Amino acid sequence: MSKIDKEKVKEVAYLARLELTEKEVEKFQGELSDILGYVETIQKVDTKDVEPTAQVTGLTDVWRVDKKSPSNLSRDEILANTPEKQDGYIKVKPVLE
Amino acid sequence: MIRLNSTIKELSEKLQKKEVTPSEVLNTYITQTKKVNPKIKAFLNISEKEAKTEAAKAKVGKSKLSGIPVGIKDVILTRGIETTAASKMLSGYIPLENATVVERLKKAGAVIIGKNNCDAWAHGSSTENSDFEPTKNPWDITRVPGGSSGGSAAAVAAREVPYAIGTDTGGSIRQPAGFCGVVGLKPTYGLVSRYGLIAMASSLDCPGPITRTVYDSAIVLDVIAGADDKDSTSKAAVRKDYFKDIKKGVKGLKIGIPKEYFGEGLDPEVGKAVMVVADELRKAGAEIIDVSLPNTEYGIATYYVIQPAEVSSNLGRYDGIKYGHSARESKNLINHYFKSRSEGFGDEAKRRIMLGTFVLSAGYYDAYYEQAMKVRTLIKEDFEKAFTQCDVILAPTSPTTAFKFGEHTKDPLSMYLEDAYTVNMNLAGVPAISIPCGFSEKNLPIGMQLVGPHFAEDMLFRAGHAYEEITKDADWRKKEPRIS
């Protein structure tokens, strides 16, 4: 049985802001179903009373002083990798048409 | 006269005795790189000009790395030198600053030769996912070098550099080191700062060295390890003296053999080679005991929930606006996101982003992500229990030796399973070092790994160095790849 159908693939792709062709939807549906079918084996594990681990070396909150420090980069340098810019600003496509 | 297969230790001694200069060392390796790179493709770019400047001003004696060339995996930021993560998305990207690892190497006088190829975004086990071109295994160019740090491992094996820096999220330093016959260290999570890595999975990523010897691995770790204000997860870092006990030998050490790493799927040739290591260590005075890591079989499944979840989040920043690939003709903002991301990401990145988005989405979170984080706890506890019985664990690095190009590309899941013996150490955050331990009948390197408790890199170096000393006259150690 497929773990994920074509509609779900399209939904997930939409959430992740990926545009897929019909052919890609088909390909990923098969591949993602195989992978999800495999990873489901973790659901067999008894994890009653087990705490989840997100951080392995036992750190909890790590604080730093909330202090500003100057950047030694100029505005031009910071924008050097920006594809579209104008007058020292990043240029963005229209949000509303 | 500089032998291309010199260790860092040897080069450093030659430099300090003024037998050679940093510029001569650099020229030797640049010449070799230019000669073999068209065939091996271990480097995406060679920063010759910058390297020459660095070599000319390197202060010999400042550190053991001073004046010695290094290759840097392309997921690690290098100021002024194109860094792409081997992805089309970041083609042409010039970082404004150095990763902390790079900063520390440069302060120590290291000379960066260039950026090593890898699977795009470090997603893969073969470098076949590089958006540019795959790297070839120097021992057999019809085979993969492993991945994702395949370019770094191949560069060291092909004698293009004495050492390189890779990253290991699920085996990406150790598996290619094993496939290429070099030493690869995945340090304890947080021991080496992640600042300036192009993040893959932030709770798992560990930068580390790929070297010719265990001793060299200690030399490099000594320079790059330690807490960094720019990476809050490095705050737990415990730096040790990595040389104090390195020559102490294995007498009295308890070495655990986990039966779960010697079962189905293991190439008998690999298993046999690792058992020979156990025997040699026993003869040298180590006590070999059986240990069990019962949740090993859930490693890949757990990893393929947690890792893509973090990947989908980390790759969310690529919007085609601030930096990276930007679609040419898009109607509006949302359309621009869709177009830029779909054009800029390759198939494997898309697969992982979707997988991660799925396991984190409403209705699936508990069954996948939450459950995976709980199994992660059990995997971590397996190691903690095992280390109450032994000092170090010995296991194969990978189930097989280097495979052929195309062998796993049709079936992504089969590629994922290649990391069966390496992902658990990332999930548990423990350090592990892959060390060459012989060759297969097809003349392919075999790797074994030593695993220790958190921040016990000193113990791994001690056991690993002892093994290298025991086998230093073995015939297989004299082999060198023939790159024609």
Side-chain angles (χ1 to χ4, degrees), chain A residues 3-4 8-9 11-21 24 27-28 31-32 34-59 61-65 71-73 77-84 90-97, chain B residues 93-94 96 188-190 203 229 232-233 235-236 295 297-298 300-302 304-305 312 316 320-326 330-339 341-342 345 350-351 353-355 357-358 361 367-368 370-378 380 411-413 416 427-429 454:
Chain A
K3 298 292 171 195
I4 182 167
K8 193 79 200 169
V9 172
E11 189 191 320
V12 168
Y14 179 81
L15 289 171
R17 302 294 183 259
L18 292 170
E19 202 171 54
L20 303 180
T21 62
E24 282 180 309
K27 183 172 96 92
F28 285 126
E31 290 171 354
L32 296 178
D34 284 351
I35 298 163
L36 288 169
Y38 179 80
V39 304
E40 270 181 16
T41 54
I42 59 169
Q43 285 155 14
K44 290 192 306 200
V45 184
D46 179 7
T47 53
K48 199 171 149 283
D49 303 325
V50 176
E51 287 291 319
T53 292
Q55 211 291 324
V56 278
T57 47
L59 288 170
D61 296 327
V62 176
W63 301 96
R64 63 166 173 77
V65 184
S71 166
N72 49 14
L73 296 168
E77 283 174 309
I78 289 168
L79 293 176
N81 285 298
T82 303
E84 281 202 72
I90 297 171
K91 204 171 159 184
V92 183
K93 300 280 170 189
V95 179
L96 301 167
E97 285 171 85
Chain B
Y93 179 77
I94 312 284
L96 303 173
T188 306
Y189 178 81
S203 82
D229 285 341
S232 61
T233 55
K235 287 288 152 151
N295 292 292
E297 62 171 308
Y298 301 111
I300 291 283
T302 305
Y304 270 94
V305 174
S312 72
I321 292 171
K322 296 186 284 296
Y323 54 91
H325 176 76
S326 179
S330 35
K331 298 190 290 277
N332 52 30
L333 187 64
I334 191 150
N335 182 250
H336 188 68
Y337 294 152
F338 277 105
K339 280 208 160 7
R341 290 170 62 79
S342 305
F345 287 128
K350 287 178 184 170
R351 211 156 18 237
I353 290 169
M354 287 195 282
L355 201 54
T357 306
F358 177 83
S361 63
Y368 289 95
E370 178 87 6
Q371 174 70 357
M373 291 208 296
K374 288 178 177 170
V375 181
R376 185 176 189 177
T377 304
L378 298 175
K380 186 173 170 252
D411 177 5
L413 182 59
Y416 297 170
L427 290 167
H454 286 162

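Being a predicted model, the structure only gives us computed values, none of them experimental.
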Discussion item. Is B:Lys350 close to chain A through its backbone or its side chain, or both, or neither, when contacts mean heavy atoms under 4.5 Å?
Written reply: both
Worksheet item: Between A:Glu31 and B:Pro412, what is the shortest heavy-atom contact and its length?
Response: CD-CG, 3.8 Å
Discussion item. I'd like to know which of B:Tyr304, B:Tyr93, B:Tyr337, B:Tyr323 tops the heavy-atom pair count under 4.5 Å against chain A.
Written reply: B:Tyr93
Practice prompt. Can you tell which part of A:Leu96 gets under 4.5 Å to a heavy atom of chain B, answering side chain, backbone, both or neither?
Written response: neither
Worksheet item: Who among A:Val62, A:Leu15, A:Val9 has the most heavy-atom pairs with chain B under 4.5 Å?
Response: A:Val62
Worksheet, complete the sentence: The reported gap from CG in B:Asp411 to CD1 in A:Ile35 (rounded to nearest 0.5 angstrom) is 8.5 Å
Worksheet item: Side chain, backbone, both or neither: which part of B:Ile300 has a heavy atom under 4.5 Å from chain A?
Response: both
Worksheet item: Which region of A:Leu73, side chain (C-beta onward) or backbone (N, CA, C, O), has a non-hydrogen atom less than 4.5 Å from a non-hydrogen atom of chain B, or is it both or neither?
Response: side chain
Discussion item. As an exercise, state the distance from CZ of B:Phe345 to CZ of A:Arg17, rounded to the nearest 0.5 Å.
Written reply: 13.5 Å
Practice prompt. Work out which heavy atom in B:Gln371 is nearest to a heavy atom in A:Ile42; give both atom names and the distance.
Written response: NE2-O, 2.8 Å
Worksheet item: With respect to B:Thr377, which candidate in A:Thr47, A:Val50, A:Val56 satisfies the side chain to side chain contact (heavy atoms under 4.5 Å, CB included) definition?
Response: A:Val50
Worksheet entry | Part of B:Thr302 within contact of chain A (heavy atom distance under 4.5 Å) | both
Discussion item. To check you understand the geometry: which heavy-atom pair defines the closest contact between B:Asp229 and B:Lys235, and what is its length?
Written reply: OD1-NZ, 3.1 Å
Worksheet item: Which value, rounded to the nearest 0.5 Å, describes the distance between B:Ile353 atom CD1 and B:Arg341 atom CZ?
Response: 5.0 Å
Worksheet item: A:Phe28 versus chain B, heavy atoms under 4.5 Å apart: side chain, backbone, both or neither?
Response: side chain
Fill in: Which portion of B:Ile334 sits near chain A, non-hydrogen atoms under 4.5 angstrom
side chain
Worksheet item: Taking every heavy-atom pair that is under 4.5 Å apart, which of B:Glu297, B:His454, B:Arg351, B:Lys339 has the most such pairs with chain A?
Response: B:Arg351
Item to complete: Hey, could you give me the CZ/CD distance between B:Phe358 and A:Glu11, rounded to the nearest 0.5 Å?
Response: 9.5 Å
Discussion item. Looking at chain B, which one of A:Leu20, A:Ile90, A:Val45 has the largest number of heavy-atom pairs inside 4.5 Å, strictly under?
Written reply: A:Val45
Discussion item. Using heavy-atom distances under 4.5 Å, tell me whether B:Ala428 contacts chain A through its side chain, its backbone, both, or neither.
Written reply: backbone
Discussion item. Looking at B:Asn332, I want to see if its CG is surrounded by more than 12 non-hydrogen atoms of other residues, nucleotides or ligands under 6.0 Å.
Written reply: yes
Discussion item. Out of A:Asn81, A:Thr41, A:Leu36, return the one with the most heavy atom pairs under 4.5 angstrom to chain B.
Written reply: A:Asn81
Practice prompt. Would you mind checking if A:Lys27 and A:Glu24 are paired as a salt bridge, meaning a charged N to carboxylate O distance below 4.0 Å?
Written response: no
Worksheet item: Non-hydrogen atoms of chain A under 4.5 Å away: do they reach the side chain of B:Tyr416, the backbone, both or neither?
Response: side chain
Discussion item. Between B:Lys331, B:His325, B:Arg376, who has the most heavy-atom pairs with chain A when the cutoff is under 4.5 Å?
Written reply: B:Arg376
Response to the item:
Ranked by heavy-atom pairs below 4.5 Å to chain B, first place among A:Lys44, A:Glu51, A:Lys91 goes to A:Glu51
Response to the item:
Note: vs chain A, highest number of non-hydrogen pairs under 4.5 angstrom among B:Ser312, B:Ala236, B:Gly320, B:Ser326 is B:Ala236
Item to complete: Under the side chain to side chain contact (heavy atoms under 4.5 Å, CB included) rule, what do B:Tyr189 and A:Gln55 come out as? Steps first, then yes or no, please.
Response: CA-CA 9 Å; B:Tyr189 178 81; A:Gln55 211 291 324; 3.5 Å; yes
